[in-house]
S.K.: 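Right, I'll just put the structure down here and ask away after.
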Amino acid sequence: MKFAVIPLLAIITFSTHAFAEQSSAETASEESVKQLMYKTGAGELGIQAMNQMLPALKNIIPDAPEAFWNDYMAKFNPEALVELTVPIYQKYLTEEEVQALNAFYDTPAGKKLIKVQPFIMQESMMAGQQWGQAVAQDVMTKYQMQNQ
């Protein structure tokens, strides 16, 4: 029993130290977080998300004319999404970390990552769907074999 307490104390000590270290670091400024978000195309992602949600929204209000949707999209402000997510970035990243990320995204490698990341995400999602289907098929096959 005495030996079981030692790992628990070690975990508490290290986690308290890690928390103290994080809380003593400077919180990322709104300006530097916004810089990061603009560099990585957060606003454009908001527009893409709205375009993906639009068919579902049209199903909710099927009587709305196309002019309504065109007008709504023309007035859509992706800045609202940026404003909404700044505090989330600030919660998890320090000013030093955001500055380092901003510096990275100014490098050729960072700029390339920004350019290709939408394609990586799209292909990764497709690969994940295929993987999930294969896992589901494997589970069903094994279950059926066991219950024959």
Side-chain angles (χ1 to χ4, degrees), residues 3-142:
F3 293 112
V5 174
I6 292 172
L8 180 61
L9 289 175
I11 291 170
I12 292 170
T13 302
F14 288 122
S15 63
T16 303
H17 174 70
F19 178 74
E21 196 173 293
Q22 175 70 20
S23 63
S24 68
E26 182 183 355
T27 300
S29 71
E30 183 177 338
E31 180 182 325
S32 64
V33 170
K34 283 184 177 182
Q35 236 180 4
L36 175 62
M37 294 178 78
Y38 294 136
K39 285 180 185 188
T40 57
E44 289 82 16
L45 291 175
I47 292 171
Q48 285 178 358
M50 268 306 295
N51 284 329
Q52 289 176 347
M53 288 179 8
L54 201 55
L57 293 171
K58 287 181 177 182
N59 283 336
I60 294 170
I61 311 172
D63 296 335
E66 196 61 31
F68 169 81
W69 298 112
N70 291 338
D71 185 50
Y72 185 84
M73 288 303 292
K75 293 177 183 172
F76 176 72
N77 180 11
E79 183 67 23
L81 181 60
V82 170
E83 293 292 333
L84 187 66
T85 55
V86 165
I88 299 168
Y89 279 72
Q90 290 175 311
K91 179 179 177 183
Y92 293 102
L93 298 170
T94 66
E95 179 67 20
E96 184 179 337
E97 292 164 338
V98 172
Q99 291 297 331
L101 288 167
N102 277 326
F104 168 71
Y105 284 120
D106 286 335
T107 67
K111 289 177 181 177
K112 179 167 184 182
L113 180 60
I114 291 168
K115 185 177 178 181
V116 300
Q117 197 156 19
F119 303 111
I120 292 170
M121 293 299 294
Q122 182 179 21
E123 289 181 39
S124 296
M125 286 175 30
M126 289 176 11
Q129 287 175 345
Q130 291 172 351
W131 176 78
Q133 289 171 350
V135 167
Q137 183 62 43
D138 187 49
V139 167
M140 288 178 10
T141 301
K142 286 184 178 166

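Here, residue 1 is the first one in the sequence, and each next residue gets the next number. What you see is a predicted model; the values in this text were computed from it and never measured.
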S.K.: Is it the case that over 12 heavy atoms from other parts of the model lie below 6.0 angstrom from the CE atom of Met73?
M.R.: yes
S.K.: Tell me which pairs pass salt bridge (charged side-chain N to carboxylate O under 4.0 Å, His left out) where either residue lies in residues 133-142, with sequence neighbours left out.
M.R.: Asp138-Lys142
S.K.: State whether the number of non-hydrogen atoms from other residues, nucleotides or ligands found under 6.0 Å of Glu83 atom CD is greater than 12.
M.R.: yes
S.K.: Got a second to check how far Met125's CE is from Ile120's CD1, nearest 0.5 Å?
M.R.: 13.5 Å
S.K.: Partners of Glu123 by salt bridge (Lys or Arg N to Asp or Glu O under 4.0 Å), sequence neighbours excluded?
M.R.: none
S.K.: Would you compute the distance between atom CD of Glu26 and atom CD of Gln90 and round it to the nearest 0.5 angstrom?
M.R.: 11.0 Å
S.K.: A quick test of your reading: do over 12 heavy atoms of other residues, nucleotides or ligands sit less than 6.0 Å from OH of Tyr72?
M.R.: no
S.K.: Please report, to 0.1 Å, the donor-acceptor pairs under 3.5 Å made by any side chain of residues 111-119, with sequence neighbours excluded.
M.R.:
none

S.K.: Enumerate, atom names and distances included, each donor-acceptor pair closer than 3.5 Å involving a side-chain atom of residues 38-61, sequence neighbours excluded.
M.R.:
residue	atom	partner	partner atom	Å
Tyr38	OH	Glu79	OE1	2.6
Tyr38	OH	Glu79	OE2	2.9
Lys39	NZ	Asn102	O	3.2
Lys39	NZ	Asp106	OD1	3.0
Lys39	NZ	Asp106	OD2	2.9
Thr40	OG1	Leu36	O	3.0
Thr40	OG1	Met37	O	3.2
Asn51	ND2	Ile47	O	3.4
Lys58	NZ	Glu66	OE1	3.2
Lys58	NZ	Glu66	OE2	3.0

S.K.: Checking Glu95 now: which residues fulfil salt bridge (Lys or Arg N to Asp or Glu O under 4.0 Å) with it, not counting sequence neighbours?
M.R.: none
S.K.: What are the two closest non-hydrogen atoms of Phe104 and Thr107, and how far apart are they?
M.R.: O-OG1, 2.6 Å
S.K.: Could you tell me which non-hydrogen atom of Ala64 sits nearest to which non-hydrogen atom of Trp69, and how far apart they are?
M.R.: CB-NE1, 3.5 Å
S.K.: Quick check for you: to the nearest 0.5 Å, what is the distance between Glu96 atom CD and Ser32 atom OG?
M.R.: 11.5 Å
S.K.: I'd like to check the side chain to side chain contact (heavy atoms under 4.5 Å, CB included) partners of Val139; sequence neighbours left out, ordered by chain and number.
M.R.: Val135
